[in-house]
Amino acid sequence: MAPTPKQITEFMHAAEDEAQMAGIIGEVPIGAVVVHDGKIVGRGHNLREHSQNGTHHAEMMAIEEACLVLHTWRLEECDLYVTLEPCPMCAGAMINSRVRTCYWGAADPKAGAAGTLVDLLTDTRFNHQVGSVGGVDADISAKMLQDFFRGIRAKRKAAKKQKQAAAAASTTTVVADPAVAHAEAEHEEPEITGLAVLKYAAKLEAKQKQADQDAKAANK
Ligand SMILES: [Zn+2]
């Protein structure tokens, strides 16, 4: 059954929550959920930087989780909600996973494969077409991305200023302690990285456990 407008809003909000999580850990804020029978069965957010894997887009993570939960690669009765227009890889994954409809937020002028650069989802030359509904809550996802990149630019600017100040200071009498700077850097980065990866692993594990339990319950 096709979702009601209220459900579309609700599930896009869930995708936006995922995007926010990505932003918090320093990833470009893009989030996705897969919905089956009115229930979210897969969640994902961009993890490209933490995993150093170019395939770890929000949609791919959400599809992976949905397949684990539903014990099938066929997501024929599933819809995917994503905050940004899918790229060619994710559009391809949706075609190959037989996703029913993709609801997406902001258009992506650099990689959009749902109509902006190409339209893979509805191309009838493929063996499966994915319904495509774009522009859902687009202003919210676009703002999240704008804020994120604005924040990065501001951080870069501040770091540059600090570097210049340190360089100026080192020519006089004050010398920054490199050991302290190193300890601070060591302390911050790996901790955040480890946490995100662990969180992701734990999430998958919990979903798998739940799926196993459901399968057991169904067999009883
Ligand atoms: Zn993608």
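Remember, it's 1-based here, ligands and their atoms both numbered in the order they're listed.
- Glu59 contributes no side-chain N or O that, together with a main-chain N or O of Ala32, makes up a donor-acceptor pair within less than 3.5 Å.
- Using modelled atom types and a 3.5 Å distance limit, the side chains of Trp104 and Ser132 yield a donor-acceptor pair.
- Below 30°, between 30° and 60°, or above 60°: for Phe11 and Tyr81 the angle between ring planes is between 30° and 60°, a tilted geometry.
- By the 4.0 Å N-to-carboxylate-O rule, Asp139 lies too far from Lys143 to be salt-bridged with it.
- Between the Ser170 side chain and the Ala167 main chain, a donor and an acceptor come within less than 3.5 Å of each other.
- The minimum heavy-atom distance between Pro3 and Asp79, with the atom names listed, is CD-OD2, 3.7 Å.
- Excluding waters, the protein N/O/S atoms found under 2.8 Å from the Zn ion (ligand 1) are His57 ND1, Cys87 SG, Cys90 SG.
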